[in-house]
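All remarks here apply to the structure that follows.
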Amino acid sequence: MSRYNFKITEGQWQKNWEETRCFNVKEDDTLPKYYVLEMFPYPSGRIHMGHVRNYTLGDVVARYKKAKGFNVLHPMGWDAFGLPAENAAIANKVLPAVWTKENINTMRQQLKSMGFSYDWDREIATCDPDYFVHEQRMFIDFIKAGIAYRKKSWVNWDPQENTVLANEQVIDGRGWRSNALVEKKELTQWFLKISDFGDELLESIKSLGRWPDRVKTMQENWIGRSEGMRIEFNIVNSKDKIEVFSTRADTLFGASFCAIAANHPIAIELGQNNDRLAGFISKCNSLGTSEAQIETAEKEGFDTGLRVNHPIIDDKTIPVFIANFVLIEYGTGAIFGCPAHDQRDLDFARKYDLEVVPVVAPEDADLNDFNIDKIAYTGNGVHINSGFLNGTSIDEAKEIMAQTLEKNGSGKREVTYRLRDWGISRQRYWGCPIPIINCTECGPVPVPDEQLPILLPEDINFDDPGNPLENHATWKKVDCPECGQPALRETDTFDTFFESSWYFARFCSPTSPDGLIKNNVNYWLPVDQYIGGVEHAVLHLLYSRFFTRALNKCGYIDLKEPFSGLVTQGMICHETYKNADGQWLFPDEVVNKGGDKFINQLDGQDVIRGRSEKMSKSKKNVVDPEIIISDYGADTARLFMLSDSPPDRDLDWTESGVEGAWKYINKLWRMVDAPKNNLLHEMIEEPKTLDIEMLEIKQKIHQTIQLVGSDIERFHFNKAIARVRELTNILDSVDAEQSNNSWIYQEGCKTIIRLLNPIIPHITEELWKKLGYETFLAETPWPEHDPSLLTKDNVVIGVQVNGKNRGQIELPKDCDQSLAESLGLNLEGVIRAVANKKIKKIIYVTNRILNVVV
RNA sequence: GCGGACGUGGCGGAACUGGUAGACGCGCAGCGUUGAGGUCGCUGUCCUCGCAAGAGGGUGGAAGUUCGAGUCUUCUCGUCCGCACCA
């Protein structure tokens with residue numbers, strides 16, 4: 001018996017698959033297609049465990065579907081533009097293009113060593129001009145179709161570095177490198193009109209059958225359609241008015257103030273003559289651009305001194321505040337506050353000592369006793385203190401109020417969305433150049449098609465602050481394509497979500513100079529199974545859904561929904577370690593001395609073990625996949641990734657779990673390779689009759705085939721593995737050398753090998769070969785189960801007394817109640833539990849349970 | 001702050017539409033095998049009490065619906081993810 005040498009075997013099979021082009025595909029109308037796609041990686045340098053998990057999940061599906069007879073497209077590529085390449089350029093003086101290319105080469109090798117079944121001929125990198133030339137064309141078509149437009153919007157501005165900062169580069173309101181206070185700056189930027197598609201994107205969520213509900217809910221909430229009213233408040237002693245949007249016009253009688261955003265035109269105007277107000281506005285602006293920051297900041301307001309007339313109550317006026325929690329992007333950038341029924345408004349009213357008038361009370365409330373203190377009442381109820389609305393429900397009141405406001409001309413019904421248009425301009429070098437030339441005479445002019453692609457210049461330096469494209473001496477200087485006068489290129493590049501919004505379509509015709517080819521796209525799309533992290537649940541997935549519709553509108557493709565099935569995977573976690581000084585330690589710097597005792601391998605000092613957290617470089621709780629691959633092999637890594645946790649949950653990476661997977665692989669090898677078993681190169685005939693024990697094993701084999709198949713279909717890989725292990729344990733206890741057993745033993749081993757092939761492809765190929773087969777397991781059809789072997793004649797059910805388990809009885813399948821009762825009531829445990837008590841009722845559920853109620 | 005999830009032995013997790021909670025694996029314990037080289041095999045293992053038969057308790061917590069709740073309902077606590085320029 002030989003030891004399993006995974007190093008040789010895994011490399012050999014990877015070579016075999018590659019040389020035979022086993023996983024390269026073509027369109028073939030005679031076969032059903034299946035497109036498996038995992039979210040492509042950003043080439044950050046080396047693959048991490050999150051990649052390994054993501055791509056293992058996809059590979060199981062791809063290999064399984066291939067075995068099930070599908071024509072499987074399973075491609076891989078690189079989301080190659082992005083900020084880290086620029087950071088590397090600044091830190092290490094490497095060109096982003098060079099850095100990225102090197103990373104891709106490393107990571108490609110790493111992925112190959114995992115044995116993933118990619119069609120590498122379809123590899124794409126988004127920083128390749130052959131890729132991004134098409135999105136430059138798309139963008140120009142978007143302009144023509146009215147999907148792309150320019151407007152002003154705010155960015156985080158680092159005044160010291162003269163750079164726009166990403167949200168993650170702003171730490172506590174300061175630039176991450178300069179530590180300078182970040183300002184907000186308004187720039188003219190390009191946007192895509194995703195809001196035009198809001199209703200469609202919302203409606204169509206219903207059609208996404210194989211998407212997780214939580215992702216669908218998150219997208220619905222993100223789009224945030226709300227029906228309400230636009231209401232006018234006239235400013236006292238002025239012709240101007242403030243328009244607010246509200247979904248609770250029914251609470252208008254309780255309005256005690258209006259609040260407008262700091263960037264609201266009225267606020268800006270007032271600020272020009274009022275230094276204190278200008279100071280407040282700039283304080284609001286320093287809050288940053290992220291919604292989380294704005295919403296968690298303490299609610300503050302500034303009384304403008306203006307008052308507005310209440311649109312319903314004749315001689316009532318209410319004050320106008322500027323408030324830091326009112327967003328200019330949402331609704332009209334102004335609200336009316338009804339403190340009694342909105343917690344945020346209530347907090348605000350208490351802080352600034354504003355009136356609180358309850359206008360809705362719970363139906364059973366004692367009105368003399370109903371008042372609002374610190375908790376707003378947001379529930380259902382009946383209107384009070386509301387003039388003509390008194391006594392009505394919230395829904396009735398909304399309708400009556402809508403009619404009233406429409407009649408007197410101070411309001412109209414409106415639907416608004418939380419969803420904002422997608423800003424795609426980035427003031428960065430390492431991205432796809434926006435193909436526009438700005439001419440003082442002609443305005444923004446699209447670059448003529450024959451001049452595409454617009455390439456990035458390579459003679460750049462990152463020493464000067466700001467965008468290298470902007471700083472470049474000559475790159476931006478061109479003549480206007482329309483009037484011929486000197487003009488300037490756009491020096492902004494696309495948001496990198498632009499590239500990832502259509503790459504799945506590019507994989508269908510990855511090398512075509514004509515971009516997306518309808519025949520190919522129509523054959524392969526939609527993606528049947530898309531797999532990636534939950535962190536993309538909203539943005540990437542929503543942008544891709546929108547982009548697909550935009551491409552459809554411009555005639556590029558025929559479909560509207562790009563991903564018919566989606567699985568989102570959880571994160572990889574690992575224990576954290578700190579030394580006494582509170583510094584983080586890498587797992588391989590730490591040794592477990594048994595139990596809870598951990599020491600630092602270098603200095604022998606005690607190490608504090610922390611709880612398991614998401615693997616991150618900052619906490620050093622990372623394990624490099626390459627070490628696992630070289631120590632245990634790809635199959636072990638793959639098996640462990642799938643064994644314990646279901647894909648959508650977080651996975652704890654543990655050394656002992658890896659050991660467990662490793663032991664199983666070696667056990668499998670021994671079971672097939674043990675020389676006495678006559679398994680090698682000798683097909684054993686199935687005996688004409690099987691004794692009862694062997695028949696039961698045969699049934700178990702077929703049950704396992706059936707269950708593993710359905711488990712894989714439903715992404716229950718951990719269960720599939722558990723079932724195969726069960727079968728392995730049963731088979732392992734069979735004395736294979738006994739001649740009446742050898743057939744079932746061989747049959748069982750073959751089944752296990754075939755069922756595990758998508759999960760651990762290398763060792764199973766090798767064992768398959770050892771069993772005498774000459775064709776690849778990767779090209780062998782999935783085993784089929786015999787339905788007649790799935791059911792047993794008898795069932796064991798539980799017998800309960802008052803819902804408490806008191807014993808089991810074995811019954812013929814589907815037997816009737818009288819037999820079950822007669823057996824069940826005579827069980828010792830049941831007799832004891834019933835004792836002298838009177839039997840009230842007996843509940844019998846066929847094949848499930850017998851419950852005696854006393 | 002808003003939105004979305006998750007919570008079951010010492011640990012990762014099973015439990016299909018409410019029907020014997022703890023499959024499978026890890027760890028641990030005992031026994032055996034091996035003893036140059038990541039051992040291997042068998043048995044046991046939810047907790048408490050008991051030598052045992054058995055009894056009682058048990059799915060973050062509290063309440064509810066039901067003959068029966070890990071699963072359904074309400075409240076509550078804890079942890080995590082997203083929030084539009086990280087990808």
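We name chains A, B, ... by the order of the sequence lines, and we start the count at 1 in each one.
- Among residues at least two apart or in separate chains, salt bridge (charged side-chain N to carboxylate O under 4.0 Å, His left out) pairs with a member in residues 706-723 of chain A are Lys65(A)-Glu713(A), Asp711(A)-Arg714(A), Asp711(A)-Arg723(A).
- Using a 4.0 Å heavy-atom distance criterion, Arg428(A) is classed as a base contact.
- With sequence neighbours left out, Gln800(A) forms a side-chain hydrogen bond (donor to acceptor under 3.5 Å, both in side chains) with no residue at all.
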Which atom pairs, donor and acceptor, lie under 3.5 Å between side-chain atoms of residues 842-854 of chain A and protein residues at least two apart or in another chain?
from: Tyr844(A); atom 1: OH; to: Cys815(A); atom 2: O; distance (Å): 2.8
from: Asn847(A); atom 1: OD1; to: Asp814(A); atom 2: N; distance (Å): 2.9
from: Asn847(A); atom 1: ND2; to: Asp814(A); atom 2: OD1; distance (Å): 2.7
from: Asn851(A); atom 1: OD1; to: Asn802(A); atom 2: N; distance (Å): 3.4
from: Asn851(A); atom 1: OD1; to: Gly803(A); atom 2: N; distance (Å): 3.0

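- Of the two residues near RNA chain B, Trp222(A) and Asp213(A), the one whose nearest nucleotide lies more 5' is Asp213(A).
- Taking a heavy-atom distance under 4.0 Å as the criterion, the stretch of RNA chain B touched by chain A extends 5' to 3' from G1(B) to A87(B).
- Within 4.0 Å of Arg214(A), counting heavy atoms only, lie sugar-phosphate atoms of the nucleic acid but no base atom.
- Taking Phe494(A) as the reference, Phe139(A), Phe498(A) meet the ring-ring contact (aromatic ring centres under 6.0 Å, His included) condition, with sequence neighbours excluded.
- Taking 4.5 Å as the limit, every side-chain heavy atom of Phe546(A) sits out of range of all side-chain heavy atoms of Ser501(A).
- Annotation: Tyr503(A) is in aromatic contact with Phe40(A) [ring centroid separation under 6.0 Å].
- Judged by distance alone, with hydrogens and angles left aside, the side-chain atoms of Asp421(A) form a donor-acceptor pair with the main-chain N or O of Ile194(A) at under 3.5 Å.
- Comparing Asn156(A) and Val215(A) by the nucleotide of RNA chain B whose heavy atom lies nearest to each, the residue mapping closer to the 5' end is Val215(A).
- Looking at Thr493(A), its side chain does come within 3.5 Å of a backbone N or O of Arg428(A) through a donor-acceptor pair.
- Counting non-hydrogen atoms under 4.0 angstrom, Gln169(A) reaches nothing in the nucleic acid.
- Across all strands shown, Ile843(A) has heavy atoms under 4.0 Å from base atoms, whether or not it also approaches the sugar-phosphate.
- Across all strands shown, His540(A) has no heavy atoms under 4.0 Å from either base or sugar-phosphate atoms.
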Checklist entry - In dot-bracket, 5' to 3', how would RNA chain B read with Watson-Crick or G-U wobble pairs under 3.5 Å, [ ] for crossing ones and | for pairs to another strand? => result (((((((..(((......[....)))((((((.......))))))((((....))))..(((((..]....))))))))))))....

